[in-house]
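Below is one structure, written out as structure tokens, with a few remarks after it.
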2 protein chains.
Amino acid sequence: MVQNMKDEKKRGRPRAFDAKAALGKARDVFWDRGFAAASLDNLSAATNLNRPSLYGAFGDKEDLYLDTLEGYRQDGMDVLTEALDPSLPLRDNIARVYAGALAIYLHGETAARGCLLIGTASVEAVQHERIREVLGRSLNDFDDEIEKRMRLAVDRGELPRGADPQMLARLASAVMHSLAVRARAGDSRETLEAIARSGVELICGSAP
Amino acid sequence: MVQNMKDEKKRGRPRAFDAKAALGKARDVFWDRGFAAASLDNLSAATNLNRPSLYGAFGDKEDLYLDTLEGYRQDGMDVLTEALDPSLPLRDNIARVYAGALAIYLHGETAARGCLLIGTASVEAVQHERIREVLGRSLNDFDDEIEKRMRLAVDRGELPRGADPQMLARLASAVMHSLAVRARAGDSRETLEAIARSGVELICGSAP
DNA sequence: AGAATTTAATGCGAAATGGTACAAAATATG
DNA sequence: CATATTTTGTACCATTTCGCATTAAATTCT
């Protein structure tokens, strides 16, 4: 599974496509249609790869989907940790988290696609154990990252000593989950931004 | 579309099945598999109706799905309004809302199915306008119902005069949305109940 | 240059899918 | 009882679906 990190010349015919770019195109298809409704023809057309190439590079449809989820999770974590820059006040951190999320969720301007994980992996989670596992792990990783910042906030006195960092983090995530669902349900950017602002207020109410 | 409300004898062969019961069985199929992955064979088997009967009674797959969503929305609103009984304190109301939601989301004991709307309609919302419309309307109706109770709480002095009922309601809903997603992601009942408790605390923090 | 190896492209095929035609059955109306 | 009307069940059809077999192309190794 692990490919050559650099272009140490592999034997045989070289790939005529960029696997990472193809994965990005596939992600868009899954994001719009979901896993079940995304056909290999859709994916093949979007990536400009014929099905055998797709299959050879990524495995079957579920493998490909799991790959896109994993990449999305990574990207999301990057955005999250950047938003949580501990040199900024907690309020700003949480506001940035929501702003970053909305930038992703509302991408496209036409019909908002929300969160790839929440919007498309949730459906499959009941019947596909591997997808449920990725979804659960992703949500937990997000919670944990926010929790770290909350813990720091308590230590620093940004939050009262009695505050529960784990629960505050989970509730901060909850607002984000709601933004993801509502974006996909067609709520306006204005509505979502208002909810984000109120969320910051509620979660960080006692912070300076 | 409107059927006879009572059994005023209709001409022709009478139905050999209970449409409402069939709709319930179909709902279970959609709940587990989602719209796209639910095949007419699945639905036919679960309802004990052959495809032509299904089609005759409910229209095509999307019509049937929309019918189940509408029924779910109605049932959900009933549970919600009952939970929000204004003779109880606000805290109890919100706690009951979450308890009622979890009772539905965790149904099955095996793999939790979360919320039918959030869990299965969200995926289709981007491409199917009618589904997006039902999803959006349902979320709004829930928000509005909670908002009414919040407004009452402000009037009664359960919440401070400056509290924003609309935003508090949306955030109360947000916690519920998160419970729906997390249930489907495999979180334990204990975790979900803990989040619900913290949510009540956060939302109703200033209430007696 | 030739063998080995990997990818690309075409196209196939078996199964599943959504939907329907058609005839038989069950009921109300005249 | 005959006719109209609606539902039921079987079978079917056209299309889509996923996945792969096979052959041609491109590159490395000997």
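Below, read A as the first sequence line, B as the second, and so on, with proteins coming before strands; counting in each chain starts at 1.
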Item checked: Pairs flagged by ring-ring contact (aromatic ring centres under 6.0 Å, His included) wherever residues 125-147 of chain B is involved - sequence neighbours left out -> B/F35-B/H128

Check: Which residues pass the salt bridge (Lys or Arg N to Asp or Glu O under 4.0 Å) test with B/D143, sequence neighbours left out?
Finding: A/R182

Item checked: Near-strand residues of residues 32-50 of chain B, defined as heavy-atom separation under 4.0 angstrom from DNA chain D -> B/N50

Notebook entry, point to check: Does C/dT7 have OP1 or OP2 sitting under 4.0 Å from an N or O in the side chain of A/S53?
Noted result: no

Next item on the list: Give a yes-or-no answer on whether the side chains of B/S138 and B/D141 include a donor-acceptor pair shorter than 3.5 Å.
Entry: no

Next item on the list: For B/E201, check side-chain hydrogen bond (donor to acceptor under 3.5 Å, both in side chains) against everything at least two apart and list the hits.
Entry: B/R91

Next item on the list: Find the distance B/R15:CZ to D/dT5:C1' and express it as a whole number of Å.
Entry: 14 Å

Check: Any side-chain heavy-atom pair from B/T120 and B/R184 closer than 4.5 angstrom?
Finding: yes

Next item on the list: Sequence neighbours left out, what passes side-chain contact (heavy atoms from CB on, under 4.5 Å) with B/V154? Give chain and number order.
Entry: B/L159, B/A163, B/P165

Item checked: Near-strand residues of residues 59-70 of chain B, defined as heavy-atom separation under 4.0 angstrom from DNA chain C -> B/D60, B/K61

Identify each atom pair where a protein N or O and an N or O of nucleotides 1-6 of chain C are less than 3.5 Å apart, giving names and distance.
| from | atom 1 | to | atom 2 | distance (Å) |
| --- | --- | --- | --- | --- |
| C/dT6 | O2 | A/R13 | N | 2.9 |

Margin query: Counting only heavy atoms from other residues, nucleotides and ligands, does the tally under 6.0 Å from CD of B/E129 exceed 12?
Written below: no

Item checked: Residues that A/D164 engages under salt bridge (Lys or Arg N to Asp or Glu O under 4.0 Å), provided they are two or more places apart -> none

Next item on the list: For the pair A/E133 and A/R130, find out whether any cationic side-chain nitrogen is under 4.0 Å from an anionic carboxylate oxygen.
Entry: no

Check: Are A/S87 and A/D85 linked by a side-chain donor-acceptor pair shorter than 3.5 Å?
Finding: yes

Check: With A/A22, which residues qualify under side-chain contact (heavy atoms from CB on, under 4.5 Å), at least two apart?
Finding: A/F17, A/T47, A/L49, A/F58

Check: Taking DNA chain D as the partner, which of residues 121-133 of chain B come within under 4.0 angstrom of it by heavy atom?
Finding: none

Checklist line | N-O pairing of B/E193 and B/R189 below 4.0 Å | finding: yes

Next item on the list: Assess the side chains of B/S53 and B/N50: does a donor N or O sit below 3.5 Å from an acceptor N or O?
Entry: yes

Check: Is any side-chain heavy atom of A/R27 less than 4.5 Å from a side-chain heavy atom of A/D67?
Finding: no

Identify each donor-acceptor pair in which a side-chain atom of residues 76-83 of chain A lies under 3.5 Å from a protein atom, sequence neighbours left out, and give them as a table.
| from | atom 1 | to | atom 2 | distance (Å) |
| --- | --- | --- | --- | --- |
| A/T81 | OG1 | A/M77 | O | 3.1 |
| A/T81 | OG1 | A/D78 | O | 3.1 |

Could you write out each protein N or O paired with an N or O of nucleotides 20-22 of chain C at a distance under 3.5 Å?
| from | atom 1 | to | atom 2 | distance (Å) |
| --- | --- | --- | --- | --- |
| C/dT20 | OP2 | B/Y55 | OH | 2.6 |

